[in-house]
Amino acid sequence: MEWKNIYRGMLMGISDLIPGVSGGTIAFILGIYDRLLLSISGFFSRDWRRNLGFLLPLAIGIGIALLLFSRLIDYLLHYHYEPTQFFFIGLIVGVLPFIIRQAEVKEHFKAKHISTVILIAILMASLGFMKPNESTIITDITVLSAIGLFFSGWLGSMAMLLPGISGSFILLLLGVYSTVINALSNFNMPVIVIVGSGVVVGFIISSKAITYLLKTYAHMTFAVIMGLIIGSIFVIFPGVPAEAGTILLCCITFLAGIFITKLFTKH
């Protein structure tokens, strides 16, 4: 078992609680993105024991983060919204040089790749203008609500694996984000199990698709990923704070995000 993946999973779990921040981006920062995709897609192969040794500690870490930090994240977003968002913007900005090196942009990117980055970034940024449709918090499960929550978890998990697209933001657009956060905060197990089942199915399917694209169309896939990450900055940008003290705090959290990214991607 790769028990150090517990802390990696916790970082990914915390990020997945934030609308606009992708667990896939954090996996890139930690240098485990490729391994994550291969382990998920290869879990049902003959090498399942090795993949389990990688995935189980990661899943434990994600689970711990979701259960322990859902209330903290809710508190930070409610009372310290701008500094929290600027911290995650710092993480995202800090990971871009690492991805540029991974994609070997100078050697392989052509006009079509640059155009793809710009187009995807614009499309991603446009999500910031969409009005989330948060519906009533679901606490009692019916057949229809169970189906809706399952497929919401499915779509959310597919977004989680793509750097730049936030699974939480997808849940927000689908109107179930508050339901999921409430379930995690209050240990509503029926909701957690149904959404979690959808997440697992989405992980398995999307990991195979992304792995295929990275193998077959590596540079174009990296161009899409870079566009998603750049565009996500505009999605979570909270605007310029009105108070000087808040601006200073936002600068500190932004730089802290970049610094943390550099620590993990210095290799």
Side-chain angles (χ1 to χ4, degrees), residues 2 5 8-9 12 15-16 21-55 58-59 62 91-92 94-127 151 153-167 169-170 198-233 235 261 264-265 267:
E2 299 184 35
N5 276 355
R8 291 169 170 168
M12 290 179 63
S15 73
D16 283 327
V21 182
S22 167
T25 301
I26 302 300
F28 248 117
I29 292 172
L30 297 172
I32 62 170
Y33 187 71
D34 291 341
R35 179 86 185 279
L36 174 64
L37 293 178
L38 290 173
S39 295
I40 295 175
S41 61
F43 182 71
F44 295 100
S45 67
R46 288 179 296 180
D47 294 329
W48 68 272
R49 290 181 183 274
R50 184 179 63 181
N51 293 320
L52 180 65
F54 177 84
L55 291 174
L58 200 69
I62 291 174
L91 289 178
I92 294 170
V95 81
L96 281 173
F98 174 72
I99 296 178
I100 289 172
R101 293 195 302 272
Q102 292 285 102
E104 300 177 330
V105 168
K106 291 183 179 180
E107 294 83 1
H108 299 288
F109 268 40
K110 300 177 181 178
K112 63 179 181 180
H113 299 107
I114 302 299
S115 300
T116 299
V117 172
I118 295 171
L119 176 61
I120 296 298
I122 292 172
L123 291 174
M124 183 67 190
S126 68
L127 292 178
F151 282 103
W154 184 328
L155 293 173
S157 70
M158 292 174 71
M160 288 175 200
L161 281 182
L162 281 173
I165 301 183
S166 163
F169 188 71
I170 296 299
V199 167
V200 171
V201 173
F203 272 154
I204 294 170
I205 294 175
S206 56
S207 64
K208 291 182 180 294
I210 298 170
T211 300
Y212 170 79
L213 291 173
L214 283 171
K215 286 183 177 179
T216 312
Y217 308 101
H219 299 110
M220 185 57 72
T221 304
F222 268 116
V224 172
I225 289 173
M226 289 172 61
L228 291 172
I229 291 176
I230 293 170
S232 70
I233 295 172
V235 172
T261 302
F264 286 113
T265 60
H267 61 284

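Note that the structure is predicted; figures quoted are calculated from it, not measured.
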May I have the step-by-step check of side-chain contact (heavy atoms from CB on, under 4.5 Å) for Leu55 and Leu36, ending in yes or no?
-> CA-CA 8 Å; Leu55 291 174; Leu36 174 64; 4.1 Å; yes

I would like to know whether Gln102 and Ile225 meet side-chain contact (heavy atoms from CB on, under 4.5 Å); could you show each step before the answer?
-> CA-CA 11 Å; Gln102 292 285 102; Ile225 289 173; over 6 Å; no

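Panel note: side chain Ser115, backbone Lys112; no donor-acceptor pair is recorded below 3.5 Å. Using modelled atom types, no side-chain atom of Thr216 and backbone atom of Leu213 make a donor-acceptor pair closer than 3.5 Å.
Atom CG of Leu58 and atom CG of Leu52 lie 11.5 Å apart (nearest 0.5 Å). The distance from the CZ atom of Phe222 to the CD1 atom of Ile100 is 11.5 Å, given to the nearest 0.5 Å. Taken from CZ in Phe109 to CE in Met220, the straight-line distance is 8.0 Å, to the nearest 0.5 Å. The CZ atom of Arg35 sits 13.5 Å away from the CG atom of Leu30 when rounded to the nearest 0.5 Å. The line from CD1 of Ile92 to CD1 of Ile233 is 6.0 Å long, rounded to the nearest 0.5 Å. To the nearest 0.5 angstrom, Leu214 atom CG is 6.0 Å from Tyr33 atom OH.
Closest heavy-atom contact between Phe54 and Ser39: CD2-OG, 3.3 Å. In this structure, Gly198 and Ser157 approach most closely via the heavy-atom pair O-OG, 3.9 Å. Here the closest heavy-atom approach between residue Ser206 and residue Leu161 is recorded as OG-CD1, 3.3 Å. For Val224 against Ile120, the heavy-atom pair with the smallest separation is O-CG2, 3.6 Å.
Between Phe98 and Thr261, the closest side-chain pair of non-hydrogen atoms is not below 4.5 Å. Considering only heavy atoms from C-beta on, Met158 stays 4.5 Å or farther from Ile170 through its side chain. Contact annotation: the side chain of Met124 never approaches that of Ile230 to less than 4.5 Å [non-hydrogen atoms, C-beta and beyond]. Residues His219 and Lys110 fail the side-chain proximity criterion, which asks for heavy atoms closer than 4.5 Å. Using a 4.5 Å cut-off on side-chain heavy atoms (C-beta onward), Val117 and His113 make no contact.
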